[in-house]
Amino acid sequence: MSLRFFNTYSRAPEEFRPIAADGRTVKMYTCGPTVYSYAHIGNFRAYLFEDLLQRHLELRGFKVQRVMNITDVDDKTIRGCQEAGVPLAQFTEPFTEAFFDDLAALRIKRADNYPRATEEQHVAAMIAMIGTLIERGLAYQAEDKSVYFRIKNFAEYGRLAHFNLDELQSTGRVKNDEYEKESVGDFALWKAWDEADGPVRWDSPWGSGRPGWHIECSAMATQLLGEQLDIHCGGVDNIFPHHEAEIAQTEGVTGKQFVRYWMHCAHLQVDAQKMSKSLGNFYTLRDVLAKGYTGREVRYALMRVHYRAPLNFTWEGMDEARQALGRIDEWVARLRAKAAEENVERRTSNAEGRTEAFEEALDDDLNISAALGFLFETIRQTNRALDGGTLDAAAARGWLEWWNRIDTVLALTGEDTSVPANITALGEARAQARLAKEWRKSDELRDELAALGWEIRDTKDGQKITKRGGA
RNA sequence: GGCGGGGUAGCCAAGUGGUAAGGCAGCGGUCUGCAAAACCGCUAUUCGCGGGUUCGAUUCCCGCCCCCGCCUCCA
């Protein structure tokens, strides 16, 4: 079965083949955050989808080069730094760091580069691109001194979004009387400085100002990855105008197809509405962690639904994630215990089966639900074999190997939490009470442990203490 | 109005022209001092609605309804 992804360009699944001659290198660009506040978990849904994509490509042997931009200059960051009374960089830095912390908490792999829009080399690249676009008649400087892209000279404009530009209906978000643009749809490449920008300004052949949002991605992507990318991702709300603009700018300069596969993630919803800063119905990762959930639980909750389907965020969903992870943890722990036993003649048969189904499901446009379905089926079968004593140490090791392989994609293995001394002591006391058949006392100790967040249970091999929820 | 995404059990969700994976929750059972975990069984004659094609449709075709998003700087 081949690897295939749904391409927004064609609105159809397409077999994936990288551009690189080696057939292995994959160049991937993913739109990153604007660092004017903390990212919300809807944003992270997109980053988790991209993480799943990268990890699965790597599992399949591809070498992924990924770039994610950090937008550290725009209207919101400028407004924010002025309100805070600090320089722009000082304002954006803590949010940038918080973003990286959040990525780590969600176990999202680091990209190879996180270029910032304000870096001099990138601003220089943006200016160079704008110059070329003007030379080619694809951009012009208007009376307000800003430079705009001339969409009517780029025939492909609207192709990605499948928009017929003549039929667009204004939602009121665009100001028709905005300066001297030739066409309402022309977007800013270079925004002329005005007083509201304060000290935020760069020199350019068109006067001082700052880059438009879209040009940032075009410049940084081509600088770091080259003129042609294999995959470019983002949320569906980026299709138009952002990605459309990126295509226009980049192809306007290079004359080559910018991106082969455009992949877009559906929104995270709250109460069946898009989670967004402007609606105010959002949770940051910090908000969710503050409720006692872990990054890995959020990872599972946001990753378990196919990326092109809307996902409604609920606390019930978080609890469900916790339970499901507990099931996985328990299974891994049982396999580990069994695997540690003396190797004996392998006599397992009923727990062996196809293990490729997981990866093949992901090959099919990252069908995570089917992949997880297979995982849980496997868990049930191997548990049954463990219960029945028909799964030996060698087989357990085999299943652990399989788990370790698919977990390079899932990144859901629980962290080993060492049991604190006071908890161990309570456990010991309970064991003593049980030996003495002092059931009431042992049950009280069990409750006490539960109140501290530890679960104790009795097995054939004695008591076992595990952290509830968590890690 | 244009362009998309979605509508499958109480909730989340996969899926196929041949009679509905999996997870969570719930109920009953095995195990346990009691639990927990694990396992076993039960929980959609039915896949938004109405037509059509077909031996047979949740799956294909036509029409409609509902939810969500984009339509010029939102992941």
Side-chain angles (χ1 to χ4, degrees), chain A residues 8 11 30-34 39-50 71 74-76 151 158 161-171 173-175 178 181 183-188 191 212-214 216 233-242 244-245 264-269 272-279 301 304-306 308-312 314 316-317 319-324 326-327 330-331 333-334 361 367-380 383-388 434 437-440 442-443 446 450 455-460 464 466:
Chain A
T8 305
R11 309 272 185 191
T30 50
C31 283
T34 301
H40 62 65
I41 55 174
N43 303 128
F44 285 112
R45 183 190 187 192
Y47 307 141
L48 280 164
F49 140 64
E50 290 152 3
T71 299
D74 80 320
D75 291 350
K76 292 187 233 80
I151 60 169
H162 297 232
F163 277 172
N164 178 344
L165 297 182
D166 300 330
E167 292 173 0
L168 293 189
Q169 178 174 302
S170 173
T171 52
R173 275 168 58 170
V174 59
K175 285 176 260 167
E178 194 176 32
K181 289 200 290 187
S183 159
V184 209
D186 289 354
F187 54 89
K191 303 183 98 165
W213 178 45
H214 312 301
E216 181 193 303
C233 309
V236 285
D237 49 359
N238 270 337
I239 296 172
F240 194 89
H242 185 52
E244 200 72 68
H264 294 96
C265 176
H267 286 132
L268 186 65
Q269 304 183 347
Q273 278 211 309
K274 171 184 171 181
M275 180 178 288
S276 75
K277 295 265 175 74
S278 52
L279 290 171
R304 66 195 230 279
V305 173
H306 184 80
R308 283 192 292 112
L311 165 57
N312 203 23
T314 60
E316 291 73 21
D319 290 337
E320 185 185 323
R322 170 166 293 177
Q323 291 303 118
R327 186 164 165 75
E330 192 58 33
W331 173 68
R334 288 187 80 182
N367 189 341
I368 187 73
S369 301
L372 289 173
F374 177 74
L375 168 63
F376 283 108
E377 246 176 290
T378 303
I379 287 175
R380 182 161 42 77
N383 274 334
R384 186 193 299 152
L386 283 163
D387 282 355
R434 289 190 77 239
K437 297 199 188 296
E438 295 172 31
W439 306 128
R440 175 177 296 208
S442 79
D443 289 351
R446 182 167 62 197
E455 181 180 80
I456 191 154
R457 38 184 225 256
D458 307 304
T459 72
K460 289 194 199 80
K464 283 172 73 176
T466 43

Q: If the P atom of B:C11 is compared with that of B:G26, how far apart are they to the nearest Å?
A: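 So the two P atoms sit 15 Å from each other.
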
Q: Decide yes or no on side-chain contact (heavy atoms from CB on, under 4.5 Å) for A:Asn383 and A:Trp331, but give the supporting numbers first.
A: CA-CA 7 Å; A:Asn383 274 334; A:Trp331 173 68; 3.7 Å; yes

Q: Considering every strand and a 4.0 Å limit on heavy-atom distances, what is the contact class for A:Lys460: base, sugar-phosphate, or nothing?
A: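 Since no nucleic acid heavy atom lies under 4.0 Å of A:Lys460, the category is nothing.
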
Q: Nearest to the A:Ser442 side chain among B:C12, B:C74, B:G33, which nucleotide is it?
A: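 Nucleotide nearest to A:Ser442's side chain: B:G33.
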
Q: Salt bridge check: are A:Asp319 and A:Arg322 linked by an N-O gap of less than 4.0 Å?
A: no

Q: Examine B:G6: is either OP1 or OP2 under 4.0 Å from a nitrogen or oxygen in the side chain of A:Asn312? Give yes or no.
A: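 No, no such contact exists.
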
Q: Which one, B:C3, B:G69, B:C73, comes nearest to the side chain of A:His267?
A: B:G69

Q: Once you round it to whole Å, what is the distance between C1' of B:G5 and CZ of A:Phe49?
A: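 Result: 14 Å.
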
Q: What residue among A:Asn312, A:Leu311, A:Leu268, A:Asn43 forms side-chain contact (heavy atoms from CB on, under 4.5 Å) with A:Met275?
A: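 Of the listed residues A:Asn312, A:Leu311, A:Leu268, A:Asn43, the side-chain contact (heavy atoms from CB on, under 4.5 Å) partner of A:Met275 is A:Leu268.
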
Q: Return the nearest nucleotide to the side chain of A:Ala324; candidates are B:C71, B:G15, B:G23.
A: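 When the side chain of A:Ala324 is considered, B:G23 is the closest of B:C71, B:G15, B:G23.
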
Q: Could you tell me the separation between the CZ atom of A:Phe44 and the C1' atom of B:C74, rounded to a whole number of Å?
A: 15 Å

Q: Please give the distance between the P atoms of B:G23 and B:A37 as a whole number of Å.
A: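 My reading of the P atoms in B:G23 and B:A37 gives 15 Å.
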
Q: Rounded to whole angstrom units, what separation is found between the CZ atom of A:Phe240 and the C1' atom of B:G2?
A: 12 Å

Q: B:G23 base to A:Glu320 side chain: any donor-acceptor pair below 3.5 Å?
A: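 Indeed, a donor on one side and an acceptor on the other fall under 3.5 Å apart.
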
Q: Please report the distance, rounded to the nearest Å, between CD in A:Glu377 and C1' in B:A13.
A: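 It is 14 Å, rounded to the nearest whole Å.
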
Q: Grab the CG-P distance between A:Asn164 and B:G2 for me, whole Å please.
A: 12 Å

Q: Between A:Ala266 and A:His306, who's closer to the 5' end of RNA chain B by nearest nucleotide?
A: A:His306

Q: When you compare B:U8 with B:A44, how far apart are their C1' atoms, in angstrom units rounded to a whole number?
A: 8 Å

Q: If the P atom of B:A21 is compared with that of B:G5, how far apart are they to the nearest Å?
A: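 Rounded to whole Å, the distance is 27 Å.
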
Q: Any chance you could list the contact pattern along nucleotides 34-43 of chain B? Use B for base contacts, S for sugar-phosphate-only contacts and - for none, protein heavy atoms under 4.0 Å, 5' to 3'.
A: BBBSSSS---

Q: Using side-chain contact (heavy atoms from CB on, under 4.5 Å), reason through A:Arg446 and A:Arg434 one step at a time and then give a plain yes or no.
A: CA-CA 11 Å; A:Arg446 182 167 62 197; A:Arg434 289 190 77 239; over 6 Å; no

Q: Evaluate side-chain contact (heavy atoms from CB on, under 4.5 Å) for A:Glu316 paired with A:Glu320, printing each intermediate quantity in order.
A: CA-CA 6 Å; A:Glu316 291 73 21; A:Glu320 185 185 323; over 6 Å; no

Q: Measure from the side chain of A:Gln269, starting at C-beta and using heavy atoms only, and say which of B:C73, B:G33, B:C68 lies closest.
A: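 Comparing B:C73, B:G33, B:C68 against the side chain of A:Gln269, the answer is B:C68.
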
Q: Please give the nucleotide sitting opposite B:A37 as a Watson-Crick or G-U wobble pair, both distances under 3.5 Å, or none.
A: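 Base partner found: none.
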
Q: Classify A:Ser278 by what it touches in the nucleic acid, base, sugar-phosphate, or nothing, heavy-atom distance under 4.0 Å.
A: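 Nothing, no nucleic acid heavy atom in range.
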
Q: Can you label the angle between the A:Trp213 ring and the A:His242 ring as parallel, tilted or perpendicular, going by 30° and 60°?
A: parallel

Q: Return the nearest nucleotide to the side chain of A:Ala370; candidates are B:C73, B:A14, B:C24.
A: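 For the A:Ala370 side chain, the nearest candidate turns out to be B:A14.
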
Q: Can you tell which of B:C73, B:C67, B:C70 lies closest to the side chain of A:Lys274?
A: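 Minimum distance to the A:Lys274 side chain belongs to B:C70.
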
Q: Please confirm whether the backbone N or O of A:Ala161 pairs with a side-chain atom of A:Glu244, one donor and one acceptor, at under 3.5 Å?
A: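 Indeed, once roles are kept as given, a pair shorter than 3.5 Å links the two residues.
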
Q: With rounding to the closest Å, how many angstrom separate the P atoms on B:G28 and B:C67?
A: 39 Å

Q: Classify A:Gly234 by what it touches in the nucleic acid, base, sugar-phosphate, or nothing, heavy-atom distance under 4.0 Å.
A: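 A:Gly234: backbone/sugar contact only, no base atoms under 4.0 Å.
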
Q: Quick check on B:U72: is either OP1 or OP2 less than 4.0 Å from any side-chain nitrogen or oxygen of A:Lys181?
A: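 Answer is no, no contact under 4.0 Å.
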
Q: Which pair of heavy atoms, one from A:Tyr47 and one from A:Pro33, lies closest together, and at what distance?
A: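 Looking at all heavy atoms of both residues, the shortest contact is OH-N, 3.3 Å.
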
Q: Return the value, rounded to whole Å, for the distance between atom CD1 of A:Ile239 and atom C1' of B:C70.
A: 8 Å

Q: Taking any strand in view, what nucleotide pairs with B:G1 in a Watson-Crick or G-U wobble way, both distances under 3.5 Å?
A: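 Here B:G1 is engaged in a pair, and the nucleotide opposite it is B:C71.
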
Q: Should B:G26 form a Watson-Crick or G-U wobble pair with both distances under 3.5 Å, which nucleotide is its partner?
A: B:C42

Q: Counting side-chain heavy atoms from C-beta on, which of B:G5, B:A13, B:C73 comes nearest to A:Ser369?
A: B:A13

Q: State whether the aromatic ring of A:Trp439 stacks on the base of B:G33, taking stacking to mean ring centres under 5.5 Å apart and ring planes under 30° to each other.
A: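 Yes.
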
Q: NA contact type, A:His40, heavy-atom cut-off 4.0 Å: base, sugar-phosphate, or nothing?
A: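 Result for A:His40 = base.
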
Q: I want to verify a distance call: between B:C70, B:G6, B:C24, whose nearest atom is closest to the A:Asp237 side chain?
A: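 My answer, after comparing the listed nucleotides, is B:C70.
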
Q: How far, in whole Å, is B:A9 from B:U45 if one measures between their P atoms?
A: 10 Å

Q: Got a donor-acceptor contact below 3.5 angstrom from the A:Ser369 side chain to the A:Arg304 backbone?
A: yes

Q: So A:Leu311, base contact, sugar-phosphate only, or nothing? Heavy-atom distance under 4.0 Å.
A: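 Counting heavy atoms under 4.0 Å across all strands, no contact is made by A:Leu311.
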
Q: Does A:Arg11 CZ have over 12 foreign heavy atoms under 6.0 Å away?
A: yes

Q: Considering every strand and a 4.0 Å limit on heavy-atom distances, what is the contact class for A:His242: base, sugar-phosphate, or nothing?
A: nothing

Q: Let's go through A:Arg45 and A:Val305 carefully: what are the C-alpha distance in whole Å and the side-chain angles of both, what is the deciding distance for side-chain contact (heavy atoms from CB on, under 4.5 Å) to 0.1 Å, and is it a yes or a no?
A: CA-CA 10 Å; A:Arg45 183 190 187 192; A:Val305 173; 4.0 Å; yes

Q: Work out how far the P atom of B:C64 is from that of B:U72, and round it to whole angstrom.
A: 27 Å

Q: Using the C1' atom in both, what is the distance from B:G10 to B:G50, to the nearest Å?
A: 28 Å

Q: Looking only at side-chain atoms of A:Phe376, point me to the closest of B:G22, B:G4, B:A14.
A: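 Selected nucleotide: B:G22.
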
Q: Closest to the A:Arg304 side chain: B:C12, B:G33, B:G69?
A: B:C12

